[in-house]
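Have a look at the structure below, then the notes.
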Number of protein chains: 2
Amino acid sequence: MPFYTIAQAAEKFGLTAHTLRYYDKEGLLPFVQRSSGGIRLFSDGDLQWLALLTCLKNTGMPLKDIRRFIEWIKQGDESIPQRYEMFLEQKKRLQSEIETMQLYMKRIDFKLWFYGEAMKKGSLAALEQDNAFRKERDKRMKELEQRPVSPVCVKQK
Amino acid sequence: MPFYTIAQAAEKFGLTAHTLRYYDKEGLLPFVQRSSGGIRLFSDGDLQWLALLTCLKNTGMPLKDIRRFIEWIKQGDESIPQRYEMFLEQKKRLQSEIETMQLYMKRIDFKLWFYGEAMKKGSLAALEQDNAFRKERDKRMKELEQRPVSPVCVKQK
DNA sequence: GTACACCTTCGAGTTTACTCAAAGTCAAAT
DNA sequence: ATTTGACTTTGAGTAAACTCGAAGGTGTAC
């Protein structure tokens, strides 16, 4: 089966048909064909493109930068260095994002430990009585970085 | 020095004073004291709280969920299990986020390799001529996962 | 004592990426 | 042939998190 409907394509990437039509309107799906009746036909190549699109979008690239990338593709070979550069930047951004996420993970693990101890004791006041706990807590807190979070790009759902 | 101004506090977390005032208005800074003249005084404890706030926010928690967490804190000991549960969920979410980011990294590395090869050859048409390249490309493309993009929460900047 | 940066509140505006409603069209099944 | 349900377009509306401007108070340096 060579083609997918908009709903099938959307489903494969956790999007809605609405969203794909929006992307199309915004010029982000430049290669999708139409049937004689005007219905969008998503080929395997289009799904590959969608995989790349969602990769870029979900790693923090704004839709307008993706549009610029499409312009570069349309320009052909002369824009290859710009495209390389773009992916290099995106890699850097993603690397620093992952590192930041790992620091956040440590903070969340700390709170899990903290509330786990609190549940054992039954109350926060009781925890504060415990010298051994306070010492351990201070030690663990010191290991948490207080970092000035650079261009972080995680969004709320 | 026991207190920081709003601008100093903002700077430590890569925010603006405007944003901190917005957070305060939204009830997200419930413990910040004021001077006799009404000026916000950020203590070390407040900075700790800001570190946690930015951690939760930047790992995808909406401000309204953070507000709910504040309500739990105000309720005292009886809400400790809910708070533990909240951090457990946040940990799961962050883990899956990091895994997804690592998959995206593979896709970006693939494109870097691809455009790197293209730059060596000088044109995409020339690349397509090269049997060895096509074989290697197909092999690498097969290793890219096409799907697992569940509740991803990275945002554009 | 006045300049000046920084603080205040309030409320309106912006950005980004959707998200949906309405009204109509297409294609397969009965 | 009609019905069903997924598809189409246009254009308006929404949500979240800021972001800014206006008008005015505060406090320290010269």
Side-chain angles (χ1 to χ4, degrees), chain A residues 1-29 32-43 46 50 53-70 93 149-157, chain B residues 1 3-29 32-43 46 50 53-70 93 149 151-157:
Chain A
M1 209 210 262
F3 289 116
Y4 302 85
T5 68
I6 195 169
Q8 290 167 335
E11 208 238 319
K12 283 191 195 289
F13 295 95
L15 304 170
T16 67
H18 273 311
T19 302
L20 283 187
R21 280 187 210 108
Y22 164 71
Y23 286 168
D24 197 5
K25 193 170 60 179
E26 294 294 310
L28 299 171
L29 305 178
V32 176
Q33 305 296 308
R34 302 292 186 108
S35 74
S36 57
I39 287 179
R40 292 177 187 81
L41 304 171
F42 286 77
S43 69
D46 293 327
L50 267 180
L53 172 61
T54 54
C55 169
L56 292 173
K57 176 178 71 82
N58 289 337
T59 55
M61 184 175 290
L63 300 186
K64 76 171 171 39
D65 288 8
I66 297 176
R67 224 174 285 133
R68 191 189 49 185
F69 173 51
I70 291 170
R93 171 188 212 162
V149 214
S150 46
V152 169
C153 54
V154 173
K155 89 174 170 212
Q156 284 79 357
K157 276 250 90 164
Chain B
M1 210 212 258
F3 289 114
Y4 302 85
T5 68
I6 195 170
Q8 291 167 334
E11 208 238 319
K12 282 190 196 291
F13 294 95
L15 305 169
T16 67
H18 270 311
T19 302
L20 283 187
R21 281 185 212 111
Y22 164 72
Y23 286 169
D24 197 6
K25 193 169 63 181
E26 294 293 310
L28 299 171
L29 305 178
V32 176
Q33 305 297 305
R34 301 294 185 108
S35 76
S36 56
I39 288 179
R40 291 176 187 82
L41 303 170
F42 286 77
S43 68
D46 293 327
L50 266 179
L53 173 60
T54 53
C55 168
L56 292 173
K57 176 177 71 80
N58 290 335
T59 54
M61 185 175 290
L63 300 187
K64 76 171 173 35
D65 288 7
I66 298 177
R67 223 174 286 133
R68 190 188 50 183
F69 173 51
I70 291 169
R93 171 188 212 161
V149 203
V152 170
C153 54
V154 172
K155 90 173 169 216
Q156 285 79 356
K157 272 252 95 163

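Worth knowing before you read on, the calculation uses all heavy atoms, side chains too, and leaves out hydrogens, waters and symmetry mates.
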Problem set entry | Side chain to side chain, B:Val32 and B:Leu20, heavy atoms closer than 4.5 Å | no
Exercise. Base, sugar-phosphate, or nothing for A:Thr5, non-hydrogen atoms under 4.0 angstrom?
Worked result: sugar-phosphate
Seminar exercise, completed: In whole angstroms, the gap separating P of C:dC7 from CG of B:Leu20 amounts to 10 Å
For this session: Select one nucleotide: of C:dC18, D:dA17, D:dC18, the one nearest the side-chain heavy atoms of A:Lys57.
Result: C:dC18
For this session: Would you indicate which nucleotide in D:dC7, C:dA17, D:dT26 comes nearest to any side-chain atom of A:Tyr22?
Result: C:dA17
For this session: Please lay out, stage by stage, how A:Phe13 and A:Leu53 fare under the test side-chain contact (heavy atoms from CB on, under 4.5 Å).
Result: CA-CA 10 Å; A:Phe13 295 95; A:Leu53 172 61; over 6 Å; no
Problem set entry | A:Arg67 side-chain N/O to A:Glu26 backbone N/O, donor-acceptor pair under 3.5 Å | yes
For this session: Please figure out whether B:Ile6 or A:Lys64 has its closest DNA chain C nucleotide nearer the 5' end.
Result: B:Ile6
Exercise. Starting at CD1 of A:Ile66 and ending at P of C:dT16, how long is that distance when rounded to a whole Å?
Worked result: 13 Å
Exercise. In whole angstroms, how far is the P atom of D:dC18 from the CZ atom of B:Phe13?
Worked result: 15 Å
For this session: Would you mind reporting whether B:Phe69 and B:Met61 have side-chain heavy atoms less than 4.5 Å apart?
Result: no
Seminar exercise, completed: From the candidates C:dA17, C:dT19, D:dC18, the one with an atom nearest any side-chain atom of B:Tyr23 is D:dC18
Exercise. Taking the side chain of B:Lys25 as heavy atoms from C-beta outward, which of D:dT8, C:dG11, C:dA17 is closest to it?
Worked result: C:dG11
For this session: Report the residue (A:Ile39 or B:Gly37) whose heavy-atom-nearest nucleotide on DNA chain C is the more 5′ of the two.
Result: B:Gly37
Exercise. Does the side chain of B:Leu29 reach to within under 4.5 Å of the side chain of B:Asp46, using non-hydrogen atoms?
Worked result: no
Problem set entry | Gap between atoms CD and C1', on A:Glu26 and C:dA17 respectively (whole Å) | 9 Å
Exercise. Base, sugar-phosphate, or nothing for B:Arg40, non-hydrogen atoms under 4.0 angstrom?
Worked result: sugar-phosphate
Seminar exercise, completed: Tightest non-hydrogen contact, residues A:Leu50 and A:Ala9, listed as CD1-CB, 4.3 Å
Seminar exercise, completed: Rounded to whole Å, the OH-P distance (B:Tyr4 to C:dC7) equals 15 Å
For this session: Look at the side chain of A:Leu63 and decide which nucleotide, out of D:dT19, C:dA17, D:dT9, has an atom nearest to it.
Result: C:dA17
Problem set entry | Whole angstrom value for the distance that separates P of D:dA16 from CE of B:Met61 | 15 Å
Exercise. Using a cut-off of 4.0 Å on non-hydrogen atoms, how would the nucleic acid contact of B:Ala17 be classed: base, sugar-phosphate, or nothing?
Worked result: nothing
Seminar exercise, completed: Among D:dT8, C:dC7, D:dC7, the one nearest any side-chain atom of A:Arg34 is D:dT8
Problem set entry | Rounded distance (Å) that lies between atom C1' of C:dT16 and atom CG of A:Asn58 | 14 Å
Exercise. Rounded to whole angstroms, how far apart are CD on B:Gln8 and C1' on C:dA5?
Worked result: 13 Å
Exercise. Within the structure, does a side-chain N or O atom of B:Arg21 lie under 4.0 Å from either OP1 or OP2 of C:dT9?
Worked result: no
Exercise. What's the closest nucleotide to the B:His18 side chain, out of D:dC20, D:dT9, D:dC7?
Worked result: D:dC20
